[in-house]
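Beneath this line is the structure, given in structure tokens, with notes to follow.
Quick note: numbers below take in every heavy atom, side chains included, and nothing from hydrogens, waters or symmetry partners.
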Amino acid sequence: MSDTRDLPLTSFHWGTYRVEARDGDVVALHPFEEDPDPSPIGQGYVGVLNGPDRITAPMVRKSWLEGGPGTAGALRGKEDFVEVSWDEAERLVAKELRRVIDAHGNESIFAGSYGWASAGRFHHAQGHLKRFLNLLGGFTKSVNTYSLAAGEVILPHVLGGAEFIYGATSWQSIISDCDLMVAFGGLPLKNAAIGQGGVGAHRTGPALLEAKAAGVDFINISPLKSDVPEALEADWLAPRPSTDAALMIGLAHVLLNEDLADRAFLDRYTAGFDQFAAYLTGARDGVAKTAEWAADICDLPADTIRTLARRMAKGRTMISVAWALTRQDHGEQPFWLGTVLAAMLGQIGLPGGGIGFGYGATNTVGLERASPRFQALPQGHNKVTTFIPVARITDLLENPGGPFEYNGKTYTYPDTRLVWWAGGNPFHHHQDLNRLRRAWARPETVIVNDWCWNALAQHADIVLPCTTPLEREDINLSPRDPYLVMMDQAVAPAGQARDDYDIFRGIAQHLGIEEKYTEGREAGEWIRWLYDASRQSAARAEVELPPFDELRTKGWHKLPAPETPHVMLEDFRADPETHKLRTPSGKIEIFSERIAGFGYHDCPGHPIWIDPAEWLGSAKNSQLHLISNQPKNKLHSQLDHGRFSQADRIGGYEPALIHPTDAAARGIRQHDIIRVFNSRGACLCAAVLSDDIRQGVIQISTGAWLDVRDDTDLCQQGNPNVLCLDKATSKLGQGPIAHSCLVEIEPAGSDHSPE
């Protein structure tokens with residue numbers, strides 16, 4: 001089409017599009033005219049809304065329907081489903097909720113769920129689930145995110161809040177004032193295609209090119225050369241995976257030893273540097289953390305480490321620490337140490353310098369935007385106080401009544417009888433998926449709201465078919481993005497699919513709480529209410545939004561960018577007394593008395609290097625280090641069955657990037673089908689040989705739908721989370737450590753040839 005601006009708009013977490021529909025189906029998604037760097041991920045919807053994987057009616061697992069709750073949980077993921085009417089599905093769910101609550105209490109319901117189902121402000125599946133269950137007395141929840149749980153826990157101790165994860169210095173400031181950007185974990189544009197709550201226009205790629213043109217130099221510290229765009233001409237340093245903390249410590253020693261540290265800044269703005277300095281010099285343990293010490297751990301030349309430290313101290317330096325670095329054993333340390341390095345340079349709070357968490361992780365990090373508070377769907381009050389750290393699902397199911405430590409306190413895992421998931425997919429996010437599969441048999445009932453037959457839906461007892469954003473009206477109203485977008489319904493729902501609001505409304509009617517749940521509003525009335533409340537909130541922050549009907553007519557609105565660049569911790573630097581941090585000292589805590597008081601051996605009072613559970617420093621010659629990073633062709637596992645994701649498969653298999661030397665040593669050639677395995681499981685992939693990956697490392701993107709057949713632990717689709725160790729980062733953060741994982745590889749044999 002020559003001009004698509006008259007087509008209806010919709011938004012996803014990966015972008016905004018004009019939707020072309022024909023004969024009740026979506027035939028194309030055209031880029032939003034305001035987006036300079038549109039993502040092709042949306043094309044994955046074309047052909048799947050009415051495809052063979054679509055769930056078009058309520059379904060109940062056969063044994064559960066015949067035998068009731070608790071029947072043959074081990075058959076989840078293996079057994080057929082029986083179609084039932086919506087009325088019967090609602091009655092079954094309502095009856096089971098009453099039984100579980102009456103017999104075991106609300107804490108026996110786990111509704112950790114997870115986000116990313118929709119960018120719409122109203123049709124947020126997780127929000128509706130929590131609102132509904134809170135009206136019944138509550139549920140056991142999860143806290144933090146798989147993306148950076150350890151970072152979310154450590155930063156409040158170091159900087160006084162987790163909001164700094166999303167409050168990085170803006171691209172404007174980097175473009176105008178930065179000399180050097182040191183990217184621990186890289187700046188992967190594939191990740192920056194995504195933005196929580198929706199993306200109007202992609203900014204990261206254009207901003208990086210502007211910074212390069214303005215004279216900013218880049219250092220890519222990652223096992224993958226592609227983690228920084230080629231156009232930036234970055235210097236590539238490829239340390240052993242999971243050794244970023246050691247590299248940072250070695251850099252810190254150089255700054256201290258060569259008198260390059262800003263002692264005036266450290267004295268005024270930080271607490272506890274002397275304790276950390278004693279660790280660096282070896283005054284306490286007899287081991288000086290020199291560049292040579294770090295070089296032995298990271299497998300980088302000591303001179304390279306010294307040269308980098310001097311270069312960082314020479315000009316205005318921005319240290320970027322990728323979210324992915326928290327997803328390794330002791331993942332709290334890179335965020336803490338990155339902050340320490342920035343403090344030693346004395347550039348925190350200066351334009352273009354300091355520390356930033358997750359540049360390139362999402363489109364929202366560094367984005368120039370106003371930040372008014374927008375109204376979310378009220379979720380009510382959860383009377384249940386039990387919770388788990390987000391990545392401890394398997395422990396929850398395996399160990400009811402057992403203790404766990406988290407952030408300085410000891411808690412107890414509740415006895416989970418019912419699991420309800422609406423939005424997200426634990427059979428993508430979680431680690432050691434074969435262990436999760438076994439634990440997943442334990443609850444008496446699993447309920448899932450989903451639109452396609454992914455692994456989560458297949459492992460349910462009751463499946464409630466929901467709509468996609470293309471099949472309902474909503475509004476993209478994200479405080480992290482400057483674009484407001486009316487999301488039009490492009491096509492009718494497939495089969496009997498309902499939006500989550502109507503799903504919970506129907507069940508609420510059977511439980512006598514429909515009026516409390518809906519407050520007498522239809523979905524369209526809720527959308528208008530949310531917008532009007534957000535407009536009033538924005539006005540109080542002196543941000544003007546157009547009237548609802550005006551926005552509906554135009555379809556979108558862009559908030560003006562702030563007149564001055566945002567510089568993280570600028571106020572604190574200008575006046576550390578007036579703008580104290582919310583830490584015990586009011587300063588940046590290089591040594592934390594509070595953390596030291598917890599007595600955790602795996603996260604003491606100052607940042608340190610601790611050997612990971614699995615890494616190349618302790619590997620056998622046959623083992624490789626697995627990097628299971630985010631995919632470029634989907635969001636997590638969403639749309640893996642779509643044509644855009646499937647186009648990247650090689651003979652139907654997920655690609656695995658391998659260094660040619662490692663492949664040759666194992667008799668593997670380009671595009672051979674390989675078996676990747678360890679004691680936890682195995683998966684099949686297609687080998688892609690490249691010099692753009694560090695030797696000794698293999699990279700497989702996450703997101704392939706789990707496909708473990710029969711009683712094997714082999715995923716046919718190449719899901720790397722069957723391989724990843726399900727261990728916590730530490731007792732402090734309890735985050736996932738997917739990136740601390742060793743595997744072996746071998747040719748899969750003639751039984752597995754490309755399709």
Side-chain angles (χ1 to χ4, degrees), residues 37 151 164-192 202-239 244 247-248 251-252 254-255 260 262 300 304-305 307-325 334-335 337-368 565-570:
D37 188 22
F164 296 106
I165 291 169
Y166 304 102
T169 294
S170 67
W171 290 118
Q172 292 167 290
S173 182
I174 291 170
I175 293 165
S176 62
D177 294 293
C178 185
D179 296 316
L180 178 68
M181 194 169 198
V182 181
F184 290 92
L187 301 162
L189 286 185
K190 62 181 177 58
N191 294 8
H202 289 86
R203 173 63 173 145
T204 305
L208 287 171
L209 292 177
E210 290 177 40
K212 175 64 178 176
V216 179
D217 291 330
F218 294 87
I219 308 289
N220 175 24
I221 301 176
S222 168
L224 305 174
K225 187 176 183 180
S226 62
D227 269 347
V228 167
E230 185 176 355
L232 299 186
E233 301 177 331
D235 294 337
W236 180 31
L237 304 182
D244 306 273
L247 176 56
M248 292 177 181
L251 291 168
V254 175
L255 295 178
L260 298 174
D262 188 335
L300 288 175
T304 298
I305 297 172
T307 299
L308 176 57
R310 294 163 186 162
R311 190 176 176 188
M312 292 167 67
K314 187 177 180 180
R316 189 61 55 85
T317 297
M318 173 59 75
I319 297 171
S320 174
V321 186
W323 292 0
L325 297 193
F335 269 30
L337 282 160
T339 306
V340 172
L341 273 180
M344 293 180 73
L345 293 174
Q347 298 184 16
I348 291 175
L350 293 179
I355 181 76
F357 305 102
Y359 285 109
T362 72
N363 189 62
T364 59
V365 178
L367 187 61
E368 303 94 339
H566 169 68
V567 176
M568 191 173 87
L569 292 168
E570 183 178 37

Quick one: does Leu251's side chain get under 4.5 Å of Ile305's, heavy atoms only?
yes
Side chain proximity check, Asp37 to Thr204, heavy atoms < 4.5 angstrom:
no
Check Thr169 against Met318 and note the closest heavy-atom contact, atom names and distance.
CB-CE, 3.8 Å
Report yes if the side chains of Leu208 and Leu189 come closer than 4.5 Å at any heavy-atom pair, otherwise no.
yes
Here the gap from Leu232 atom CG to Phe218 atom CZ, rounded to the nearest 0.5 Å, amounts to 5.0 Å
Spacing of Met568 atom CE and Ile165 atom CD1 [to the nearest 0.5 Å]
10.0 Å
So which of Ile348, Ile355, Leu180 actually passes side chain to side chain contact (heavy atoms under 4.5 Å, CB included) with Ile319?
Ile355
Please name the pair of heavy atoms, one in Val321 and one in Gly338, separated by the smallest distance, quoted to 0.1 Å.
CG2-CA, 4.2 Å
Checking the side chain of Asn363 only, and the main-chain atoms of Arg203 only, is there a donor and an acceptor separated by less than 3.5 Å?
yes
If you round to the nearest 0.5 Å, how far is OG1 of Thr339 from CZ of Phe164?
10.0 Å
Reported CG-to-OG1 distance for the pair Asp179 and Thr317, which is rounded to 0.5 angstrom
7.0 Å
So with a 6.0 Å cut-off around NZ of Lys225, is the heavy-atom count from everything else above 12?
no
Should Met312 and Ile219 count as side-chain neighbours, where that means a heavy-atom distance under 4.5 Å?
no
Does Trp236 use its side chain to pair, donor to acceptor, with the backbone of Ser222 at less than 3.5 Å?
yes
Contact summary for Leu300 and Pro239, nearest pair of heavy atoms:
CD1-CB, 3.8 Å
Does any non-hydrogen side-chain atom of Ile221 lie less than 4.5 Å from one of Leu308?
yes
Can you find a heavy atom in the side chain of Trp323 that is under 4.5 Å from one in the side chain of Asn191?
no
Heavy-atom donor-acceptor pair, Glu210 side chain to Gln172 backbone, under 3.5 Å:
no
Identify the two heavy atoms, one from Leu350 and one from Arg316, that lie closest to each other, and give their separation to 0.1 Å.
CB-NH1, 3.7 Å
dist Leu187:CG -> Asp227:CG (nearest 0.5 Å) comes out at 8.5 Å
Can you confirm whether or not the ring centre of Phe335 sits under 6.0 Å from the ring centre of Phe357?
yes
Identify the heavy atoms of Ala168 and Gly356 that sit nearest to each other, and give their distance.
CB-CA, 4.4 Å
Shortest non-hydrogen contact from Trp171 to Leu367?
CD1-N, 4.0 Å
Under the side chain to side chain contact (heavy atoms under 4.5 Å, CB included) test against Glu368, which residue among Pro565, Ser170, Ser173 passes?
Ser170
Reported CE-to-CG distance for the pair Met344 and Leu337, which is rounded to 0.5 angstrom:
10.5 Å
Report yes if the side chains of Asp217 and Arg311 come closer than 4.5 Å at any heavy-atom pair, otherwise no.
yes
